[in-house]
> 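One structure follows; several queries about it will come next.
Numbered from 1 within each chain, the chains take letters A, B, ... in sequence-line order. Excluded from the calculations below are hydrogen atoms, water molecules and symmetry mates; all remaining heavy atoms, backbone and side chain alike, are included.
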Protein chains: 2
Amino acid sequence: MSLKHAILVSLAERPASGYELVSRFDRSIGYFWRASHQQMYRELPKLQTAGWVSAEDVPQSGKPDKRVYAITDAGRDALAKWLRAPVGPEPVRESLMVKVRGAAVLGADHVLPEIRRHRALHADKLALFRQIEREQFGDGAGDDATGRCRYLALRSGVLYHESWVRWCDEALVLLERV
Amino acid sequence: MSLKHAILVSLAERPASGYELVSRFDRSIGYFWRASHQQMYRELPKLQTAGWVSAEDVPQSGKPDKRVYAITDAGRDALAKWLRAPVGPEPVRESLMVKVRGAAVLGADHVLPEIRRHRALHADKLALFRQIEREQFGDGAGDDATGRCRYLALRSGVLYHESWVRWCDEALVLLERV
DNA sequence: GTTGACTATGCAACAAGGTGCATATAACGT
DNA sequence: ACGTTATATGCACCTTGTTGCATAGTCAAC
């Protein structure tokens, strides 16, 4: 599983406490891999036991103390190994498509509202991503590795939501008049 | 969860034994929802307890006997209710993107082979789907609900793999010369 | 001084999914 | 007789993910 590896990637970028990792997973990296704080706090001790991360208690003033984790050399090795390991594409799992198939039996009107809802959700995300693309990458992907990877992440989001919006449009045309 | 509902959809199309359901999940409907035979045989008694399916033992000659499940009226009601229930898009979970982000730290050369591998996999699937599209839907989606839903399923596959192939191409251009 | 928001960390129970193992009937080829 | 393949059904264990609950420090506002 790759929650472990997603955490390693984030810690390789910069050491962090569990709380901070959760907030990162709520934003940037969370677009590709979700994690609740309960999962996070369960996983970090396991990574420490495996020797992939080290932990240090850091007293704070004005806030509760925190435990900061950092990736170890062994962790970096494990991460590099995982990067090269062949992992199949994530198995597709689309409940909306199951619903469409159900609609073939029970009647298309059951799912039309759902398709419209999904179209709206994807269109919103798409607009947001395109705006970020214009604002931050209007003049290209940039030269440094980090910038390019951020750009590619954004592009994957754009392409993903684009194809969903298009599919919803095709589906609505085909199913609205049956 | 929607394994239950995916099974209901399949049984609404036609009654089947666990074994037959597994083979359906290995082909058509399995493109949207995967299920192992262990999952299937665990789930079917639960559906029966819930009153959503009925079971009948059918003796066979030339093969082991089988237990055939059929959807009940209560099951059809539950399915119709689920079709209308708002369900969010599946949360994105892309280990390849996590790898790309890792590559920003550890070096792009670690993931280039992976991206090429994924491109090949998606391109193969895409070619297959496009061929089916030409052969079976060359003259349009058809008039009946079932045909249109099959066409839409196919279209989602085409759009999905198309956008992946495109992303891989963009990624290779950006990452190959760093 | 109490309430709410933010920071910070965790446990327990349960649901879902994956892996490995186990069993049995029956046809077919060799 | 013997192994192979297809049909047919299941258990046990483990990992992963979700949900609900619990605790505690600090600050600002009221």
> Go through E90(A) and R93(B) one step at a time and tell me if the salt bridge (charged side-chain N to carboxylate O under 4.0 Å, His left out) criterion holds.
CA-CA 7 Å; E90(A) 308 298 327; R93(B) 185 158 284 195; over 6 Å; no
> If you compare every side-chain N and O of R67(B) against the phosphate oxygens of dG10(D) (OP1, OP2), does one of them come in below 4.0 Å?
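For dG10(D), OP1/OP2 do have a side-chain N/O of R67(B) under 4.0 Å.
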> Taking atom P of dG17(D) as reference, at what distance in whole Å does atom OH of Y41(A) sit?
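Roughly 18 Å, once rounded to whole Å.
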> State, with a plain yes or no, whether a side-chain heavy atom of D169(B) is found less than 4.5 Å away from one of R119(B).
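Answer yes - side chains close enough.
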> Please figure out whether P45(B) or R34(A) has its closest DNA chain D nucleotide nearer the 5' end.
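The residue mapped nearer the 5' terminus is P45(B).
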> Whole Å only: how far is the OH atom of Y69(B) from the C1' atom of dA8(D)?
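Y69(B) atom OH is separated from dA8(D) atom C1' by 11 Å.
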> Counting heavy atoms from C-beta on, name the nucleotide in dG17(D), dT9(C), dT19(C) closest to the side chain of W33(A).
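Nearest listed nucleotide: dG17(D).
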> Answer yes or no: is there a side-chain heavy-atom contact under 4.5 Å between D65(B) and V58(B)?
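Contact flag for D65(B)/V58(B) side chains = no.
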> Can K99(A) be said to sit on top of W82(B)'s aromatic six-ring, NZ or CZ under 6.0 Å from centre and within 45° of the ring axis?
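Yes; both conditions hold, so K99(A) lies above the ring face of W82(B).
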> Would you mind checking if E43(B) and K4(B) are paired as a salt bridge, meaning a charged N to carboxylate O distance below 4.0 Å?
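Yes, K4(B) and E43(B) are salt-bridged.
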> Please determine if a side-chain N or O atom of R93(B) lies less than 4.0 Å away from the OP1 or OP2 oxygen of dG17(D).
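For dG17(D), OP1 or OP2 has a side-chain N or O of R93(B) closer than 4.0 Å.
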> Could you state the CD-P distance from Q39(B) to dT9(D), rounded to the nearest angstrom?
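Those two atoms, CD and P, are 17 Å apart.
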> Taking the six-membered ring for Trp and the full ring for Phe, Tyr or His, determine whether the centres of Y41(A) and Y19(A) are under 6.0 Å apart.
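Distance test on ring centres: not under 6.0 Å, no.
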> Do the side chains of E162(B) and R130(B) get close enough for a salt bridge, i.e. N-O under 4.0 angstrom?
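A salt bridge links E162(B) with R130(B).
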> Side-chain N or O of K46(A) less than 4.0 angstrom from OP1 or OP2 on dT15(D)?
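No, K46(A) has no side-chain N/O under 4.0 Å of OP1/OP2 on dT15(D).
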> Apply side chain to side chain donor-acceptor pair (under 3.5 Å) to Q131(A) and E135(A), showing your working.
CA-CA 6 Å; Q131(A) 189 195 336; E135(A) 287 175 3; 2.8 Å; yes
> Using atom CE of M40(B) as one end and atom P of dC11(D) as the other, report the distance to the nearest whole Å.
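Going from CE in M40(B) over to P in dC11(D) covers 15 Å.
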> Across nucleotides 20-30 of chain D, 5' to 3', mark each nucleotide with B, S or - according to how protein heavy atoms within less than 4.0 Å reach it.
BB---BSS---
> Looking at DNA chain D, which of residues 8-29 of chain A put a heavy atom within less than 4.0 Å of it?
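Nothing qualifies; none.
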> To the nearest Å, give me how far apart CD (Q48(A)) and C1' (dG10(C)) are.
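Rounding to the nearest Å, CD of Q48(A) and C1' of dG10(C) are 15 Å apart.
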> Count the heavy atoms of every other residue, nucleotide or ligand shown that sit under 6.0 Å from CZ of R116(A), and state whether that count exceeds 12.
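Yes, because the 6.0 Å sphere around CZ of R116(A) holds more than 12 heavy atoms from other groups.
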> So, does the side chain of R42(A) form a donor-acceptor pair with the base of dT18(D) at under 3.5 Å?
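Yes, a donor-acceptor pair under 3.5 Å.
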> Whole-Å distance between dG17(D) C1' and K4(A) NZ?
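K4(A) atom NZ is separated from dG17(D) atom C1' by 12 Å.
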